[in-house]
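In the text below, chain A, chain B and the rest are named by the order of the sequence lines, each starting its count at 1.
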Amino acid sequence: MDFGLTEEQRMLEQTLRGWLAEHLPIGRVREIAASESGQDPAVWKGLAELGMAGLLVDDESGGGGLTLLDAALAMQSFAHAAAPVPYLGSSIVAPVALRLFGTEPQRRSWLPGLAAGTTQIGVALGELTGRRGDANLRIDGGRLAGSTLFAIDAGAADAFLVALDRDHLVLVPRDVAGLTVTPLVTIDRTRRLAELTFDGVVPADWLGGPAGVAGAGARVLAAARVAVAADALGAAERALEMAVAYAQQREQFGRPIGSFQAVKHMCAEMVAELEPARALVWYAAYAFDHRPEEALLVAAHAKAHLAEVATGIVRTATEVYGGYGFTDEGDLHLWFKRAGLDRQLFGGPEAVRAEAAVLQGLA
Amino acid sequence: MDFGLTEEQRMLEQTLRGWLAEHLPIGRVREIAASESGQDPAVWKGLAELGMAGLLVDDESGGGGLTLLDAALAMQSFAHAAAPVPYLGSSIVAPVALRLFGTEPQRRSWLPGLAAGTTQIGVALGELTGRRGDANLRIDGGRLAGSTLFAIDAGAADAFLVALDRDHLVLVPRDVAGLTVTPLVTIDRTRRLAELTFDGVVPADWLGGPAGVAGAGARVLAAARVAVAADALGAAERALEMAVAYAQQREQFGRPIGSFQAVKHMCAEMVAELEPARALVWYAAYAFDHRPEEALLVAAHAKAHLAEVATGIVRTATEVYGGYGFTDEGDLHLWFKRAGLDRQLFGGPEAVRAEAAVLQGLA
Amino acid sequence: MDLSFGPEYEAFRDELRAFLERHRERAPGGGQMLAGGTRDPAALSWQALLIEHGYAARTIPKQYGGYGATPDPLIRVILDEEFARAGVSAGLGGQGPDMLVPTLLEHGSEEQKLRWIPPTIRGEVVWCQGYSEPNAGSDLANVQTRATEDGSDFVINGQKIWTTTAHAADMMFGLIRTEPGASKHAGLSYVLIPMDAPGIEVRPLVTMTGHAEFNEVFFTDVRVPQSAVVGRRGEGWKIANTTLGHERSSLAATGQLEAAMARLTERMQAETVDGRRAVDDPALRDRLLRLQARLLAMKYHALRLLTCRLRGEPTGEPGSPEGSAVLVTKLAGCELSHQIAALGIDAMGEFGVLYGGSKHERAGGLWQFHYMFSLGLIIGGGTAQIQKNIIAERGLRLPREPRA
Amino acid sequence: MDLSFGPEYEAFRDELRAFLERHRERAPGGGQMLAGGTRDPAALSWQALLIEHGYAARTIPKQYGGYGATPDPLIRVILDEEFARAGVSAGLGGQGPDMLVPTLLEHGSEEQKLRWIPPTIRGEVVWCQGYSEPNAGSDLANVQTRATEDGSDFVINGQKIWTTTAHAADMMFGLIRTEPGASKHAGLSYVLIPMDAPGIEVRPLVTMTGHAEFNEVFFTDVRVPQSAVVGRRGEGWKIANTTLGHERSSLAATGQLEAAMARLTERMQAETVDGRRAVDDPALRDRLLRLQARLLAMKYHALRLLTCRLRGEPTGEPGSPEGSAVLVTKLAGCELSHQIAALGIDAMGEFGVLYGGSKHERAGGLWQFHYMFSLGLIIGGGTAQIQKNIIAERGLRLPREPRA
């Protein structure tokens, strides 16, 4: 019985955070986030060399062959650094989908590039969390038609993993004729979302083959939700650290604001929310690989809970900062916005809980 | 434009609170609450002489002819004193129902006794807020059959106003053959609830006549909800006052606990919830008499909101008291329990909000 | 309790409606209340027309260019309601007309009044407020911008922050430390400073919303005559606090909350998931209903406080329900505003995070803007924590923390 | 991360299951953990059997009557799980075995250990704890019950409160002020007091639940020998704080939360309005799902902390995530317990407020009892506010408030 990180996982985390501190200080994050693609190829190359890009890709394909828990820890560290990297799509959702449901040729054709960081895959799961507004992706005369919203990590994606329904996911190269990628700008400039519009695209590369795989969508969505929960955890963790550090140093009324009971209690309430939530994220990631019968439910719980915990913490942290937290210069808003996007990605809290109720037969 | 209490209303409140302080100090409240009927006839007589019992009864029948706002203020004061009096049933719901929907003979036969305090009417509206558990009141061969739960002010009621459905309410004397009144014991011993079981009772005294009155149930329920909202307001107000007084006087760590920022902020948060809620209760009572088109919705809002505000405040007040608040001797729990019963009476917050959504066409 | 206005007020309302009907084409475009700092000729001539009819600068004495009517909160309510209803600008607002002018009326010299009030209410002189400083935060009196005497002048050095409209202002009214030996509160003066004085630099301050709603203002050897002090030297803190008391009716704030709630309800009926409206999600609908109750409470809370003012009853009395009631308004109102925006975002899901002119963005990103800006309001003017201290100490008479 | 227990532990589990299968008829009736103070012969003989097999008093050295095994948190987990699963008493708990015995092992003289530990773990000597006092509240060290020296004796006067099982106890371990000149914390001693000593009066303390779960204990010239002090005079505060650290695994607390949640889910499927189950009310269901997530978080949080202990990693280190993680357990757990009870009541509506043996009461009023009792736990041991101070100062290293 051991519910904790291994020495290797801690090393990985330490190495990654060290690398990020060196290569992605906040100033650099802001520059990249302000650029058109929202990425720096050198950063992604460096992370691939570090073995981060292919953490979930199997050894034979040049990856690390690790588990979702390892990847979730990495995701958390990226969020902690507000890193503008396509980790969610290219290093978590796409490899999980390919490993679990890809045909042998699909794995061979995509995984090595993902591990090497030379291929990026954006992920469009909008059809699995309810069709919103006027988006309406469908097959029409054997061709993809309509559009799907909120594809993630679209900035420099070479291809997209697109969900059509719960059983059918398809890989579509970005440069295929008939696909239009329209950037969608969100509050969080460290990640790039897009609308994908299809006009006569012939779907060639169905995940697992043309017949699809029953339930593949739900599994892939679960991995995505765990990853977003880890992202929200990282954002909240950073906001809390910054708030505590600020409270220790900022003086008002002749004393550090952290010596005021009101500020102390705000910090205590944040940590009382954060620490148990951390264990939930770990377990959700662990369950994805080791307890498949619980995995979908726990992923939903982790996503919904972390969405609320993280947005609550970034708000409180901003209050601890006072006016400085409200300024652009104060930087804290980078994580406020990261948590804000995480909250909505792949289903808001109420919607995800409604799904979780169904999974248990409670609705 | 005047959204405030009149001089008369303030006088009434002052008179009533003075009377209650004199005749119903906490020790006396506890004695009465521990008795079987849960009432002291002398107290009720005194209140009738003060004109309180018949506040809503019209002048010709010996009452005060006042409005629901006046009665709500009185209800609030009774809750503030944790008074074990049948005000909700006999002085608010029953008179409102009779004035609005009673036939001339019904008004003549019941209202003078209510105003004089010589008649008490308990109120059973359970069928209007959803049939719970195995209760099932119905007409069977022209006779009342089955049971209805949670009749309020049943301790010494001479009769009951019983809702059968949204259009049909009936007055039933307590001593009619076939009616069994089974006391239901709640956390709050200052009020007496009961289950009414009917076995072959012929309903003789239908409110407004045998055909009933369309919508009478909803209006009567709205008045009851405003009254319960006012009760919750009074309980919360008292708990806040007690917490503030305790915080000013109780010393720990060598200083009054009210000088600690954490205690201050708990008190500030209570008052920030209480004061706007007070205005909502006033408006709900005013709307009942003056804005019938809004009355049902605002009554629902007031009931649901005050339920949550009051239970939140009594909890926080208990925390301010610390261990003493958890003791029986500390008295504060009288209001903790009063607010706890108010929260559930005539529909809990979620159920009442669902009704409020329907009233607006939002569900 | 009586929520009707009575015949004389209804007559005023009718007259105002007729005026708005007749003249609405002359009103400038744009928002409800024109931000101070506009120099649009249409706005200035509209303002002049409103003053002439007593719909702006209504209670400013005639000798200072106003309409000269007695203050009447109900008239204020009717003006707010009718201009909002007509969707027409209610004239020039901002820190000149709303804060400086009442302060000068109370504390200014006759010369200061004659010189500054008329062009301010006409919109010809635009003001900004210089109170906040970066090192002060919630400790508002911790002003470090200082003036040293040099002959009959003051020479000012230091920095102000959170200065709205500084980029467009002709003048600043600010708190400056003029009495170095005095205690924290007694060392400040209320000084009028021309924004074109040499040594003043204005830098836009970008906030988390991505916009520069505020500025920083830097002073390097800025020279003003000592006659630029309003009231006596060293009385600046007291004077600034009277000004803070001159805020407009909290009804206007409730009106904004009502408008936001109407937009929210509309949005929740428009936004769909798998064809189902957001308002049909029972968990989201339950949140909406909760906020409706809070809004109603705030609305009637504001009416209750207005009634106290109309009756001349004290509302600031420590330890009284009314005393507390006034103090909680900002705390409860800002939080409600934030919660309305939060539900709007949640109801839209991923659409709710679109911003900055994105395709599919709803209402120009207004929901996110409000979500962030209302958090700024929760923090602004001394944070919710300071508000709670004030409620506890002034409203509930809880003892102050012992001094360290 | 690996949530399996490994073969040796599974063997222990199998053996335990077989034991429970074989002997379960000999177990006394009643709850999971027998409250200290029972003198039921069946309970005492069950306890003897458990000690003999190493399922109770497992880590107490043999010379003091225990089983003499090395401490192993995983064995503790398996014991908790299997006794709970079998619904059989896991032996005698309470303040003697759980708090006094570990304290004596660490700080007691050899004579004290030999005298008190064996009968305590056998259930023959029942203890109560005398720390809290009415004027202390959250300021736990503010003990005013004092002992004055008289020859080789102490003479004790004062009052204790929140004393569970005092009415049934043979002995009290308490904090008494023995050094009048010393500072607040340095003036206390840890004293063992016979409850039948002349001058002790025990009065039941009724709480808001209507039951007397606690007592008050009054001391009037109570005489004990000075040898009744554990450790050195004046070290009582330090010793009592080690005892507070001897709490049982927080997993047991999580187990109770899980059981409460299971009851809640069951109740929400049973209770109906107009034939519709409470769980089919989407707003109530959404609350249930929120609490499920919190429960899962607390469950794995406890496993994480257990793992730290198993690995011998520090969990109390200030400023570390693990340091904070330990500190938040009580705060978050008690609140969750209260929220579970609150939802249970709301799901039942008016049935939820029935109490005191009423007709139609659900589960003997257990929901209301838990709702109130869990609030007592939030307050108990120094209130949630003190917990937050500790989390902030010890867990996050925020500076202490300046002394007045």
With a 4.5 angstrom heavy-atom cut-off, is it the side chain or the backbone of [X] that approaches chain B, or both, or neither?
{"X": "D:Tyr371", "result": "side chain"}
{"X": "D:Ala212", "result": "neither"}
{"X": "D:Pro282", "result": "neither"}
{"X": "D:Gln385", "result": "side chain"}
{"X": "D:Glu401", "result": "side chain"}
{"X": "D:Ile345", "result": "both"}
{"X": "D:Ala278", "result": "neither"}

- Item | Heavy-atom pair count under 4.5 Å with chain D, highest-scoring of B:Asp188, B:Thr318, B:Asp328, B:Thr129 |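 The candidate making the most pairs under 4.5 Å is B:Asp328.
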- Residue, of B:Leu184, B:Leu332, B:Thr186, that accumulates the most heavy atom pairs under 4.5 Å with chain D: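 It is B:Thr186.
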- Message: What verdict does the salt bridge (Lys or Arg N to Asp or Glu O under 4.0 Å) test give for B:Glu350 and D:Arg287, after you've listed the backbone C-alpha separation in whole Å, the side-chain angles of each residue and the deciding distance to 0.1 Å?
- Response: CA-CA 10 Å; B:Glu350 280 85 2; D:Arg287 282 174 63 187; 2.9 Å; yes
For a 4.5 angstrom cut-off between non-hydrogen side-chain atoms, does [X] reach [Y]?
{"X": "D:Val273", "Y": "B:Arg131", "value": "no"}
{"X": "B:Leu149", "Y": "D:His360", "value": "yes"}
{"X": "B:Thr327", "Y": "D:Thr207", "value": "no"}
{"X": "D:Met348", "Y": "B:Gln344", "value": "no"}
{"X": "B:Phe253", "Y": "D:Ser138", "value": "yes"}
{"X": "D:Leu375", "Y": "B:Arg315", "value": "yes"}

- Task: Give me the ring orientation class for B:Phe326 and D:Phe214: parallel if the planes are under 30° apart, tilted from 30 to 60°, perpendicular past 60°.
- Result: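 Taking D:Phe214 first and then B:Phe326, their aromatic rings stand perpendicular (interplane angle over 60°).
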- Salt-bridge contact D:Glu350-B:Arg191 (side-chain N to carboxylate O under 4.0 Å):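 Between B:Arg191 and D:Glu350 there is no salt bridge, as every charged N stays at least 4.0 Å from the carboxylate O atoms.
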- Task: Would you name the heavy atoms of B:Gly323 and D:Ile379 that are closest together and state the gap between them?
- Result: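 Shortest heavy-atom separation between B:Gly323 and D:Ile379 comes out as N-CG2, 3.4 Å.
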- Which pair of heavy atoms, one from B:Glu319 and one from D:Ala384, lies closest together, and at what distance?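 Result for this residue pair: OE1-CB, 3.9 Å.
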- Item | Derivation of the side-chain contact (heavy atoms from CB on, under 4.5 Å) call for B:Phe336 and D:Met372 | CA-CA 10 Å; B:Phe336 184 94; D:Met372 293 187 271; 3.9 Å; yes
- For D:Asn135 and B:Glu251, test the side chains for any donor-to-acceptor distance below 3.5 angstrom and give the result as yes or no.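 D:Asn135 vs B:Glu251: no donor-acceptor pair found between side chains.
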- Query: salt bridge (Lys or Arg N to Asp or Glu O under 4.0 Å) between B:Arg343 and D:Asp346: does it pass, once the steps are laid out?
  - Reply: CA-CA 8 Å; B:Arg343 182 177 172 106; D:Asp346 280 351; 2.5 Å; yes
- Distance (rounded to the nearest 0.5 Å) between D:Thr209 OG1 and B:His333 NE2: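 The OG1 atom of D:Thr209 sits 9.5 Å away from the NE2 atom of B:His333.
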